[in-house]
Amino acid sequence: MYYLYSTSLVFGGLFIVNFIFSYQSKHIDPHFWTTLKFQLLMLPLFLVANTCIGYGVKFGLKVIGNLSYVLAAAKGMEILISLIMGYFFLREVPTWKTGIGLGIVLIGFVVAITKKS
């Protein structure tokens, strides 16, 4: 059950963070004061996202027992979320090069998990 909690919390927290930054890059004027105002308004959401990520990593560490694996999995989730946000906000469709890059990341993750020290 902790797998589900960990995955859901990390994914949800990373989704919130990436959504805020994607929205900012698309819809918020890049001038300093406009960006600062937006960031201040988003502080409660960042608090929720950081809490979700923190507890997700904590639960993942409890289950897996290795922080490196948990953080590597979180980074893989973040790459996936970045692709989703790119499509959602900018209608960017991943190319075959993106697929090769993701494949290399997945292979590296598998090698890291299977190679025990």
Side-chain angles (χ1 to χ4, degrees):
M1 197 62 171
Y2 282 119
Y3 281 117
L4 180 63
Y5 293 154
S6 177
T7 303
S8 300
L9 287 170
V10 170
F11 190 86
L14 291 172
F15 191 87
I16 291 170
V17 169
N18 281 286
F19 186 86
I20 290 170
F21 286 130
S22 298
Y23 182 86
Q24 176 184 336
S25 67
K26 178 76 175 177
H27 298 290
I28 303 299
D29 188 28
H31 291 94
F32 177 76
W33 294 112
T34 310
T35 302
L36 180 64
K37 179 182 172 188
F38 177 74
Q39 288 294 320
L40 288 174
L41 290 172
M42 293 297 111
L43 280 177
L45 285 177
F46 278 116
L47 177 65
V48 170
N50 283 328
T51 304
C52 288
I53 294 168
Y55 273 102
V57 169
K58 186 175 196 158
F59 290 145
L61 181 60
K62 190 175 201 174
V63 172
I64 296 176
N66 190 327
L67 185 61
S68 297
Y69 297 160
V70 175
L71 295 177
K75 190 53 70 179
M77 277 190 241
E78 188 167 14
I79 292 170
L80 177 65
I81 292 168
S82 297
L83 291 174
I84 293 168
M85 290 299 138
Y87 179 76
F88 185 68
F89 281 100
L90 301 174
R91 298 293 182 236
E92 293 176 349
V93 178
T95 64
W96 63 272
K97 293 177 187 177
T98 308
I100 290 175
L102 285 175
I104 291 170
V105 169
L106 289 174
I107 290 169
F109 185 68
V110 169
V111 167
I113 287 177
T114 57
K115 185 166 179 127
K116 301 285 181 177
S117 303

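Because the structure is a prediction, the values reported are computed rather than measured.
Linking ILVMFWY side-chain heavy atoms closer than 4.5 Å, directly or via other members, places Met1 and Val70 in a single hydrophobic cluster. Under the 4.5 Å side-chain heavy-atom criterion for ILVMFWY residues, a single connected hydrophobic cluster contains both Phe88 and Ile16. No single ILVMFWY cluster, assembled from side-chain heavy atoms under 4.5 Å apart, contains both Ile104 and Ile107. Connection of Leu4 to Ile64 is established within a shared hydrophobic cluster, with ILVMFWY side chains joined at heavy-atom distances below 4.5 Å, either directly or through further cluster members. When hydrophobic clusters are built by joining Ile, Leu, Val, Met, Phe, Trp and Tyr residues whose side-chain heavy atoms come closer than 4.5 Å, directly or via intermediates, Leu102 is not grouped with Phe11.
If you run side-chain contact (heavy atoms from CB on, under 4.5 Å) between Leu71 and each of Val57, Leu61, Val10, Asn66, only Val57 comes through.
Between Phe21 and Phe46, the ring-plane angle classifies as tilted under the 30° and 60° cut-offs. Relative ring orientation between Tyr55 and Phe59 is described as tilted, the plane-to-plane angle lying within the 30° to 60° band.
Proximity of Lys37 to Leu40: side-chain heavy atoms (C-beta onward) are nowhere separated by under 4.5 Å. Counting only heavy atoms from C-beta outward, the side chains of Thr7 and Met77 approach each other to under 4.5 Å. Side-chain contact between Leu9 and Thr51 is absent, with no heavy-atom pair separated by less than 4.5 Å.
Between atom CG of residue Leu80 and atom CZ of residue Phe15 there is a gap of 10.0 Å, rounded to the nearest 0.5 Å. Rounded to the nearest 0.5 Å, atoms CD1 (Ile20) and CG (Leu45) are 4.5 Å apart. Summarising the geometry, atom OG1 belonging to Thr34 is positioned 12.0 Å from atom CD belonging to Gln39; distances are rounded to the nearest 0.5 Å. Atom OG of Ser82 is separated from atom CD of Glu92 by 10.5 Å, given to the nearest 0.5 angstrom. In this structure, Asp29 CG and Thr35 OG1 are separated by 7.0 Å, a value rounded to the nearest 0.5 Å. Rounding to the nearest 0.5 Å places CD of Glu78 at 7.0 Å from CD1 of Ile81.
Looking only at distances, no side-chain donor or acceptor of Ser6 sits under 3.5 Å from a matching main-chain atom of Tyr3.
Between Leu14 and Ala74 the shortest heavy-atom distance is CD1-O, 3.5 Å.
In the displayed structure, His27 atom NE2 is contacted under 6.0 Å by more than 12 heavy atoms of other residues, nucleotides or ligands. Heavy-atom contacts from other residues, nucleotides or ligands closer than 6.0 Å to OH of Tyr5 number 12 or fewer.
A cation-pi arrangement is present between Arg91 and Tyr87, with the terminal nitrogen or guanidinium carbon under 6.0 Å from the aromatic centre and inside a 45° cone about the axis.
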